[in-house]
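Comments concern the structure below.
Just so you know, residue 1 is the first one in the sequence shown, and it goes up from there. Counting starts at 1 for both ligands and their atoms, in listed order.
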Amino acid sequence: MRHFLTLSDFTRDELLEMIDLAQKIKAQTKTRHFVPYLERQTLGMIFEKSSTRTRVSFETGIYQLGGMGLFLSSNDLQLGRGEPMRDTARVISRMVDMVMIRTFEHSKIEEFARYSRVPVINGLTNSFHPVQLLTDYMTMVEYGKSEAIVGYIGDGNNMAHSWLMLASIMGFELRIATPKGYECNETIVAQAQEMAKQSGAKLSFGDDPKEALDGVDVVTTDTWISMGQESEKETKVKAFEGYLVDDEMMALAKEDAIFLHCLPAYRGYEVSESIFEKYADVIFDEAENRLHTQKGIMVWLDSHR
Ligand code: CP
Ligand code: NVA
């Protein structure tokens, strides 16, 4: 049995298999052909943080695969009143067929997975957002950018960490610029650098956003204020001055470059209104692809147990 906790749990070929499956299922879905790959299966979906895309795409996805999603907010679960994660895991995983969790510390999802009898999927932790990044890669493939140079400017957060995992597994060039004090986690960077030796990925880090975007094929960023950091807003907004992706910044990238954003986007902070609307088609293709990619992931995990 396999869990989907970070992209580094998988080889490049395995991730490409999931994307192949996702593309096949996407084509079927587009013709309203719903194949019941996961008939009568239940996906438990535990949310300790808010969500629009993750909830809707997983719940709709499992339903279209012939199963059902069970939305479990930690406000309503005994988990929210102090029942340990490991007990929650041992109960829920005897009743459902797969679990998706969105939580805070990555160690919490690792603990759940250790005690779970069924595959566990990471729907975002403070450290990683792997379902988003596999989706972003599928979107890059669709836009002919799988061999791209990617420039990420912004916070050294869960999105930046997952970009590092993706690039170092797939073997593309990733340039990350973060303000001083908001760099990526050192252990995750070291892990990515180790993996990059195998794949040939080129990873670079700095604090000059303009340098990071010079001549890239894909420009990407994320909110400066992640869930749970609301009280840091004032300090972070000051620290991230010069990191707004606007027309001038985007002009540094290649002429045919695309802009990706996992959403939700905060106009005037990490991205300008004008850039957001200019690239709205790709951004919302990316959002829609969450539905398709995660079906690929669920079907793949089901067939590997
Ligand atoms: N991108 C993403 O995970 O969106 P939600 O927080 O709305 O799920
Ligand atoms: N970094 C953001 C991503 C939201 C999808 C957060 O963790 O809130």
Kindly confirm or rule out a cation-pi arrangement of Arg175 over Tyr152, judged by NZ or CZ under 6.0 Å from the six-membered ring centre and within 45° of its axis?
-> no
Shortest heavy-atom approach to atom 6 (C) of ligand 2 - which of Ser226, Ala160, Cys262, Gly228 = Ser226
What residue and atom, counting heavy atoms only, is the protein's closest point to atom 7 (O) of ligand 1, and at what distance?
-> Thr52 N, 2.6 Å
Identify, for atom 8 (O) of ligand 2, the protein heavy atom at the shortest distance, and state residue, atom and that distance.
-> Met227 N, 2.8 Å
What residue and atom, counting heavy atoms only, is the protein's closest point to atom 2 (C) of ligand 1, and at what distance?
-> Arg290 NH1, 3.3 Å
Does any N or O atom in Met227 lie less than 3.5 angstrom from one in ligand 1, N or O only?
-> no
Does His129 reach ligand 1, in the sense of a heavy atom lying below 4.0 Å from it?
-> yes
With only distance considered, is Arg53 within less than 3.5 Å of ligand 1 through an N or O on each side?
-> yes
Considering only the protein, which heavy-atom contact is closest to atom 4 (C) of ligand 2, and what is its distance?
-> Leu124 CD1, 3.9 Å
Indicate yes or no: does Lys238 engage Glu241 in a salt bridge with an N to O separation below 4.0 Å.
-> no
Closest protein heavy atom to atom 7 (O) of ligand 2, given as residue, atom name and distance to 0.1 Å = Asn158 ND2, 2.8 Å
Could you tell me whether Asp155 and Lys236 have a side-chain N and a carboxylate O separated by less than 4.0 Å?
-> yes
Proximity to ligand 2 by part of Leu263, non-hydrogen separation under 4.0 Å = backbone
Backbone or side chain, does any N or O of Leu263 fall under 3.5 Å from an N or O of ligand 1?
-> yes
How far is atom 6 (O) of ligand 1 from its nearest protein heavy atom, and which residue and atom name does that atom have?
-> Arg102 NH1, 2.8 Å
Lys295 charged N/C atom sitting above Tyr37 aromatic ring, 6.0 Å / 45° | no
Take Glu277 and Arg267 through the salt bridge (Lys or Arg N to Asp or Glu O under 4.0 Å) test and state the conclusion after the steps.
-> CA-CA 10 Å; Glu277 289 306 329; Arg267 274 83 151 178; 3.5 Å; yes
